[in-house]
Amino acid sequence: MASTDRVRLVVLFGGQSAEHEVSCTTAAHVLAAADTERYEVVPVGITREGTWVRADDALAALARGRASLPDSLEAAGTAVELLPAVTPAADGLPVVVLPLLHGPHGEDGTVQGMLELAGVPYVGSGVLGSALCMDKIKAKEVLALHGLPQVPYVALRDTEVERAGDAVASAGLTFPLFVKPANMGSSVGVSKVGDAGELPEAVALAATYDEWLVVEEGADGREIEVGVLGNADARASVPGEIVSSHEFYDYDDKYVDGTCGLLVPAPLDDAATERVRALALEAYRALRCDGMARVDFFYEEDGRGFLVNEINTIPGFTPVSMYPKLWEASGLAYPALIDELVRLAVERHEHRRRFSTKR
Ligand SMILES: Nc1ncnc2c1ncn2[C@@H]1O[C@H](COP(=O)(O)OP(=O)(O)O)[C@@H](O)[C@H]1O
Ligand SMILES: [Mg+2]
């Protein structure tokens, strides 16, 4: 590497973990060994309380020469403001973040991870729940382990799309099929496939959106959705029903035409209502959801009954969207729903802060 390729190497160490000291010792070794011709080393410590700090003592020692470095660094120094927008300001007002973002880099755990590091309470599921629900394949695998009903499917990588026909045949999937990218939303990249001849095009389309694709059996039934709200004590709303004017509930239906009807509550008998609400709570728990989620089902009345389709950890949230309408019909109006979500965000944050990071 030429000197023009010099790299600023930010060494992160410490952390809110029982392995805090081990990390501080490792960091001292790395600082002592790193070639200062090649690297401008910047040690950034994370204190036991989770504050990010410029490790001033370590920097000073490094400036005096690596022999001055201690055996173990200390995660102490000037605080580094990780995310100024969400850091409580001088007015001392507590901060809660409400992420109203859909899809990758919003609903998939990335923003949630950033907010965890910043130490701010936020509405909705954490990193794992968000990531699991965003990936339709991993969500299905976890739901299957928990015995929740769903349609049969196969998962494929974008590098093996030519195998789609064989995979479908050996899994014994029956047409029509639905082909989807694992990581999108809003019906983007979703196709209904009537026969084997249509499969390559649908698979190729889905592969333009994600590395992983799902090919699943079509359900022949109604679309029922349930809102779930809460942390450990989550509760289920009344169920709602989507009445699509298209071949399936596609992007235009959701956002363009406005012709799609929402029936709230869904016309279901008491037994079916209780069954779908219970399934929604089971799915929510299995997928480590917190705060809120909308659990979507197919309902084959004369067939396989309720089948989980997917879980949205940041459901549509305009006052006329399904999730707020479900809660309104369950006795919680839009402003009260926002209050409850904020309360749940703080509750979860406080609860998780109690856990020990000491050995
Ligand atoms: N297996 C299936 N059987 C019947 N309809 C389906 C199936 N999968 C998807 N659909 C239809 O496509 C729509 C979008 O698929 P979905 O998996 O919910 O993706 P998105 O995350 O984009 O909402 C569903 O609301 C439904 O109308
Ligand atoms: Mg959907």
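Because the structure is predicted, anything quoted here is derived from the model rather than measured. Order of listing sets the numbers, starting from 1, for every ligand and every atom in it. Residues: numbered from 1 along the sequence shown.
Taking a cut-off of under 4.0 Å to the non-hydrogen atoms of Glu216, the atoms of ligand 1 that pass are 1 (N), 2 (C), 7 (C), 8 (N). The atoms of ligand 1 that sit less than 4.0 Å from any heavy atom of Gly218 are 1 (N), 2 (C), 3 (N). Remark: ligand 1 atoms within the under-4.0 Å shell around heavy atoms of Ala219 are 1 (N), 2 (C), 3 (N), 4 (C).
Among Lys180, Glu310, Glu225, His102, the residue whose heavy atom sits closest to atom 17 (O) of ligand 1 is Lys180.
Summarising the local packing, CD of Glu21 is surrounded by more than 12 heavy atoms from other residues, nucleotides or ligands at distances under 6.0 Å.
In this structure, Glu217 is part of the shell of residues with a heavy atom less than 4.0 angstrom from ligand 1.
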Under 3.5 Å, side-chain donor or acceptor atoms of residues 313-321 against the rest of the protein: list the pairs with distances, not counting sequence neighbours.
from, atom 1, to, atom 2, distance (Å)
Thr318, OG1, Val320, N, 3.3
Thr318, OG1, Ser321, N, 3.2
Thr318, OG1, Ser321, OG, 2.8
Ser321, OG, Phe317, N, 3.4
Ser321, OG, Thr318, N, 3.0
Ser321, OG, Thr318, O, 3.3

For residues 290-298, which side-chain donor-acceptor pairs fall under 3.5 Å, sequence neighbours excluded?
from, atom 1, to, atom 2, distance (Å)
Asp290, OD2, Arg348, NE, 3.0
Arg294, NE, Glu225, OE1, 2.9
Arg294, NE, Asp296, OD1, 2.8
Arg294, NH2, Asp296, OD2, 2.8
Asp296, OD2, Asn312, ND2, 3.2

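Ion pairing between Lys325 and Glu328 fails under the 4.0 Å rule for side-chain N and carboxylate O.
Using a 3.5 Å distance cut-off with no hydrogens or angles, the side chains of Tyr122 and Glu116 do pair a donor with an acceptor. Between the side chains of Asp108 and Ser130, no donor-acceptor pair of N or O atoms lies under 3.5 Å.
Within Glu310, the N, O or S atom at minimum distance from the Mg ion (ligand 2) carries the name OE2.
Contacts between Asn309 and ligand 1, counted as non-hydrogen atom pairs separated by less than 4.0 Å, involve the side chain only.
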